[in-house]
Each structure stands twice: as structure tokens, then as C-alpha cells.
Number of protein chains: 2
Amino acid sequence: MLKLSRLADYAIVILVKLGEQDGVVTSPALAVITGVPEPTVAKVLKVLSAHGFVLSQRGAKGGYRLARSLADMSVASVIAAVDGQIALTACVGGRECDTGLSCGLCGSWDVINTAIRSTLEGISLESMRPKEACPTVLSQINKLNAPHTVREGA
Amino acid sequence: MLKLSRLADYAIVILVKLGEQDGVVTSPALAVITGVPEPTVAKVLKVLSAHGFVLSQRGAKGGYRLARSLADMSVASVIAAVDGQIALTACVGGRECDTGLSCGLCGSWDVINTAIRSTLEGISLESMRPKEACPTVLSQINKLNAPHTVREGA
DNA sequence: CCGAAACAGGACCATTCAGGTCTTTAATTA
DNA sequence: TAATTAAAGACCTGAATGGTCCTGTTTCGG
């Protein structure tokens, strides 16, 4: 599967969504927009803030906004921020393998890692903007656009 | 981190090592060569056999050998065999997202997935052959080449 | 003919780690 | 001063991976 973590997935979605709003947006609001649970959104946002992807404003009327344009954020950089270094194996950078495994392939993995990394660096968040959103999902977004529905459960 | 599973890691190592031997090799022997625990080697080998990467010979004097050349095996195919489909997110093939997440990015992920997959398909196991093995690991391999040390614990 | 060696297949357990929640603190604004 | 909101971190839970073991079947050697 080689799948990336859900947190990284969320991070990308959140950033793209944040880029579509103007002004600061609170994490509860982003939770509604993205459908991700509020605490998780807050958690992701904190990480993104620490890595300079978003700017935070505390206090009342506070919230988050993008630190720079989506075009200036690569998928690779976001994943690296949330999940750490992008590497397909524990055997990175020519160092010996984790368990002293006598794989003898140490250097070879870097070929793969580099290839993957450069592939991901070539994809900006701007290019992740939805051209054609899933129809089933569109209705949900519209439904949530009513601002006052946020308060229901809280 | 986007790291692939350890099983897939093992599979690649085992295949490369198997390609360096001639004749059939038993899984205990491969365990010694690779440093991976025997039961795990056997497990990986079974999967590889089921997917046609290796040929098995049962009974005494049995063992495994490559079904085809390392050059004819891509990293992508091995990973797919061991771990299943290569995909960076649950949102694959344009289907709607898993939890009805209103990400609205559905189609965009495929760009990434395709890029990763083709990158990995372009790397053959032959190119994973060690040109310069880690020095710390080389000694370990030499030490294990003495055939009778295998019997110790068994 | 019998026993050992080795693969086949599956069940099973344990550990790890990611995901998610909650609590407290600090800052900002009205 | 009170209310709102982000910041930070501790903590719990659950799924999934990794790893082990058991039983059966096949083949070779004595």
C-alpha cells in the first residue's frame, strides 16, 4: 500500500481548503468545511503552524490563514512536515540498516527515495485544487456552508 | 514518512539475495544470508511464490529459486504483491473518499498515485544489486558464509 | 520401506504506532 | 474583566503489522 498517514492526508486537504477562504478561519470552521473532527483539525493546524505553512492569530477573532500561496507549497514539503522525512525504508542516507540486517542494499534504497521525493516535490498544492469535485460530496459542502450549523453539538 | 512495510522491504532483499545464489536455496539458508528471522522469511517466500516471483521445490533437497531474472522484476510489482495496491491515500480511482470526507480533491490524488507508481515501476530489482555494500555489514555476511553455522540453534 | 527435510497453508498472538480526545495555559479583543 | 480562541502536551484506544507456531504434504536418502 505504501499509503501516507491520514494526518498528512488531512493536512493537504486543510491547506487547500484554507487557501479557498479569505481572512482568518477558526479550526472549528475548518472542521466543518473539511469534515474532519475538530480536535484533529486543531492538531494538524498546530503542526502546520509550527512548520510555517500557516499563520495563527490567537484570541477572540483569531484563526488561521495561509503563510504563502498554495503554488509555493509542494506535496512533499507538507508530508515531510507532518510525517517526517520521506523515505521508503529505514535504511536512509547510506547509514547501516536498523537491525544490522545484512541486506547489502544500503545505497540502493536511496535511488528509490530520491525518485519518490522529487516526484512529490514537483506537485504543488495549487495543482491539487479540485477541478471537478465529487458530486456526492458537493452537496455536503453546500449544506455545511450555512455558518450557524456549527454550533449544534458544542 | 510514507514508508513501505517491512515485509515488502524483506521481499526485495530476499529476492536480490536469491538472485545471487545458484541452485535452489532453503528458507533457513536465506534467513541466515539476509539476517531476517526464519519464520518471517518463510512467510515472505510463500507470498512471493504465490505471485510467481519464485519457484518452489518441495521435499528434501527442496528450496526456492527465482522464477525470472531480477531485471524483469520491478520494485513496484514486488511491493504490490506483498502489500497490495500502491496508493498514497484511501481515495483511489476517482471513487468517493472513505468516510465521506468532503475533501473535494478526489481526482487530484490519482495524479500523485500514478506518478509514484510509474516511478517505482521504472526501477528493477537488478538495479538494486549492491555495487558498494556497507562495510559493517560485509563482515557479517562473510561470517555467515560458513555453511555449518546454520545448525547451531536448530 | 521408513524417516528426515523442506515447502504449503493457515491460525494466532503480541507489539507498535497512528489517530483521536481531553485538559490546561496563554493571548487577544470587546 | 470576561469571553473567545489558539498553543501545548499528556493520554487513551484501536487497528494493523509483524512475527510465531502448528499441521499437512511432498520428496529424497538410507
Side-chain angles (χ1 to χ4, degrees), chain A residues 1-11 13-14 18 23-32 34-65 67 79 82-84 89-90 98-99 101 150-151 153-154, chain B residues 1-11 13-14 18 23-32 34-65 67 79 82-84 89-90 98-99 101 150-151 153-154:
Chain A
M1 10 113 161
L2 196 112
K3 63 172 183 286
L4 85 164
S5 76
R6 202 173 300 180
L7 271 306
D9 194 326
Y10 290 164
V13 173
I14 288 172
L18 189 54
V24 296
V25 185
T26 67
S27 50
L30 270 173
V32 173
T34 59
V36 178
E38 294 185 31
T40 302
V41 172
K43 187 181 204 174
V44 173
L45 246 7
K46 273 181 278 188
V47 174
L48 292 176
S49 174
H51 284 82
F53 289 94
V54 300
L55 299 175
S56 65
Q57 184 175 335
R58 302 176 69 157
K61 289 276 188 176
Y64 295 93
R65 59 189 176 88
I79 293 177
V82 176
D83 282 347
T89 160
D98 47 354
T99 62
L101 195 73
V150 186
R151 297 316 210 94
Chain B
M1 357 80 192
L2 193 112
K3 65 169 183 288
L4 85 165
S5 77
R6 202 172 299 180
L7 272 306
D9 194 324
Y10 291 164
V13 174
I14 288 172
L18 190 54
V24 296
V25 185
T26 68
S27 53
L30 271 172
V32 173
T34 60
V36 177
E38 294 186 30
T40 302
V41 172
K43 186 181 201 173
V44 172
L45 245 7
K46 274 181 277 190
V47 174
L48 291 176
S49 174
H51 284 82
F53 288 94
V54 299
L55 299 175
S56 65
Q57 182 175 335
R58 302 177 70 157
K61 289 277 187 174
Y64 294 93
R65 59 191 175 85
I79 294 176
V82 176
D83 282 346
T89 159
D98 47 354
T99 61
L101 194 73
V150 185
R151 301 313 213 88

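This is a predicted model, so every value here is computed, not measured. Each chain gets a letter, A, B and so on, in the order the sequences are listed, and its residues count up from 1.
Taking the side chain of Q57(A) as heavy atoms from C-beta on, and the options dC28(D), dG20(C), dT29(C), the nearest nucleotide is dT29(C). With dA18(C), dA8(C), dT20(D) as the choices, the nucleotide that has an atom nearest any side-chain atom of Y64(B) turns out to be dA8(C).
Of all the heavy atoms in V24(B) and R65(B), the pair that sits closest is CG1-CD, 4.1 Å. A pairwise comparison of heavy atoms in A8(B) and D83(B) identifies CB-OD2, 3.4 Å as the closest pair. The two residues G52(B) and A67(B) come nearest to each other via the heavy atoms O-CB, 3.3 Å.
Within the model, atoms CG of L48(B) and CG of L18(B) stand 9.0 Å from one another, a figure rounded to the nearest 0.5 Å.
Contacts of P39(A) with the nucleic acid, taken as non-hydrogen atoms under 4.0 Å apart, include base atoms.
Tested against L30(A), the residues V13(A), V36(A), I14(A) include a single side chain to side chain contact (heavy atoms under 4.5 Å, CB included) partner, I14(A).
S27(B) has a side-chain polar atom (N or O) that falls below the 4.0 Å cut-off from OP1 or OP2 of dC7(C). Regarding contacts with the backbone of dG18(D), every side-chain N or O of Y10(B) stays at 4.0 angstrom or more from both OP1 and OP2.
Look at CZ on R6(A): it is 9 Å from P on dA16(D), rounded to the nearest Å. The interatomic distance linking E38(A) (CD) with dG20(C) (P) rounds to 14 Å, in whole Å. Rounded to whole Å, atom C1' of dT5(D) lies 16 Å from atom CG of L55(A). Counting to the nearest Å, the P atom of dT5(D) and the CZ atom of R65(A) are 18 Å from each other. Taking atom CG of residue L7(A) and atom C1' of nucleotide dA15(D), one finds them 15 Å apart after rounding to whole Å. Rounded to an integer number of Å, the gap from CG of D83(A) to P of dC17(C) is 14 Å.
Using a 4.0 Å cut-off on heavy atoms, the residues of residues 40-53 of chain A that approach DNA chain D are K46(A), S49(A), listed by number.
Evaluation of the side chain to side chain contact (heavy atoms under 4.5 Å, CB included) rule for A31(B) yields E38(B), V41(B) as partners, not counting sequence neighbours. Remark: R58(A) pairs with no residue by the side chain to side chain contact (heavy atoms under 4.5 Å, CB included) rule, at least two apart or across chains. Partners of P37(B) according to the side chain to side chain contact (heavy atoms under 4.5 Å, CB included) rule, which considers only residues two or more places apart in sequence or in another chain, are P39(B), T40(B).
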Mind listing the N/O atom pairs, protein and nucleotides 23-27 of chain C, below 3.5 Å?
unit_1: dA26(C); atom_1: N3; unit_2: R58(A); atom_2: NH2; d: 3.0

